[in-house]
Amino acid sequence: MGAVVDLRSDTITLPTAEMRAAMAAADVGDDVYGEDPTLNAFESEVAELLGHEAGLFCPTGSLTNLLGVWLLVRPGEEVLCESLAHIARAEMGAHGAVHGVTMRTWSGPRGQIDLAAIAALAAPDAGPFLVSTAAVAIENTHNFAGGTVQSIEAVRELAGFCRDVGLGLHMDGARLWNASVATGVPERAYAEVCDTVSVCFSKGLGAPVGSMLLSSAENIARARVQRKRLGGGWRQAGVLAAAARHALHHHRDRLAVDHDNARAFAEAVAAANPAAVDVAGVATNIVVVATGDRPAGQVVAEAASRGVAISGVGARSVRAVTHLGVTADECRRAGEIVGAILAGRPSR
Ligand SMILES: Cc1ncc(COP(=O)(O)O)c(C=O)c1O
């Protein structure tokens, strides 16, 4: 087995020397007292960038999603989301377990917004027998659906619908940066039509830790209290904000390279096994590959034995995610190996 090409996630990236230098040089203070200058400046900078009044820096995207949905949905009410949404599948039931929020889902093609389906589910003020809908949550890009970008037209149309019927709109923008680089639509255009927005610096941007919740100043003040209540108040977190700031300033534009590398991976898989992947549908840095009649776990194990780390995301689907720690050649080679496994032949 050669060296491992690790395509399990874009969260595995390690801080660069320049990023570590930025962390070491950061001015810091106690953030529970609101006294970390690096963190305060970074929250203002990102809020401005995304067209919101205020931001709250948090350790994880799961926490910024938890707080964003909590701001919009009271206990016993529901949020609508896509069936493969991270908030539904991968946050350990936190929205229900911690905040008493229930969910119903629509299934969009490649995880996309389906306004007709959402409108059919939405039940604001449902009365005494049914759960009332309080908000809709969208994911941009959509992780488990294969890095899908939500079109700005669909987001605007949904935002208009939510406004008209009195629903909140949350966006899980863990990879909003990728959506923006892929489409040329500024992040702000997507973010400013949503009531609450979560973005991550620890995915493709390559920071070791850090996500931010954006909303009105009033909402962010409430979320700050709830974060502390959940044990998430932190102290000299400016060292982490400095890393996130460095990532945003220096690693955003290079996401286009990750998108090219994801396409190269997909093309190599498709060359051996065209039915396994929709190459034209690869829009950003995530590729979901159908494993046909092979259980995903078996394909993941065989790929690992041939030096390629990927993850299973369904019974018959695996996922590869490109990031700043892998080269174009490594991605192409990894695609050839996964393609050979699915075609049932040894790698050349
Ligand atoms: C779409 C999406 N939202 C939220 C998260 C949660 O981020 P974290 O791992 O920082 O909790 C992830 C993590 O991969 C994600 O892919």
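Both counts, for ligands and for their atoms, begin at 1 and track the order of listing. Computation of the quantities below employed the complete heavy-atom set of this structure, encompassing side-chain atoms and omitting hydrogens, waters and symmetry-equivalent molecules.
The shortest N/O to N/O separation between N143 and ligand 1 falls below 3.5 Å.
Listed for the H323 side chain is a donor-acceptor partner under 3.5 Å among the backbone atoms of D6. A donor-acceptor pair under 3.5 Å is formed between the side chain of Y190 and the backbone N or O of Q150.
The single protein non-hydrogen atom nearest to atom 3 (N) of ligand 1 is D172 OD2, 2.6 Å, given as residue, atom name and distance. Summary of contacts: the protein heavy atom closest to atom 11 (O) of ligand 1 is S62 OG, 2.6 Å. Summary of contacts: the protein heavy atom closest to atom 14 (O) of ligand 1 is K203 CE, 3.2 Å. At the shortest separation from atom 10 (O) of ligand 1 among protein heavy atoms lies G61 N, 2.9 Å. For atom 6 (C) of ligand 1, the closest heavy atom belonging to the protein is H86 CE1, 3.4 Å.
Which parts of ligand 1 touch N65 is read off a 4.0 Å heavy-atom cut-off, strictly below it: atoms 3 (N), 4 (C). Counting atoms of ligand 1 from 1 in the listed order, those under 4.0 Å from a heavy atom of E139 are 1 (C).
Side-chain heavy atoms closer than 4.5 Å link hydrophobic residues (I, L, V, M, F, W, Y) into clusters, and following such links, possibly through other members, connects V73 to M103.
At a heavy-atom distance under 4.0 Å, no atom of I87 approaches ligand 1. Within the 4.0 Å heavy-atom criterion, the part of R175 lying near ligand 1 is the side chain and not the backbone.
Using cut-offs of 30° and 60° for the angle between ring planes, the W70 and H99 rings count as tilted.
Within 6.0 Å of CD in E48 there are 12 or fewer heavy atoms belonging to other residues, nucleotides or ligands.
The distance between the ring centers of H142 and H86 does not fall below 6.0 angstrom.
With hydrogens and angles left out, the side-chain atoms of H259 and N178 include a donor and acceptor closer than 3.5 Å.
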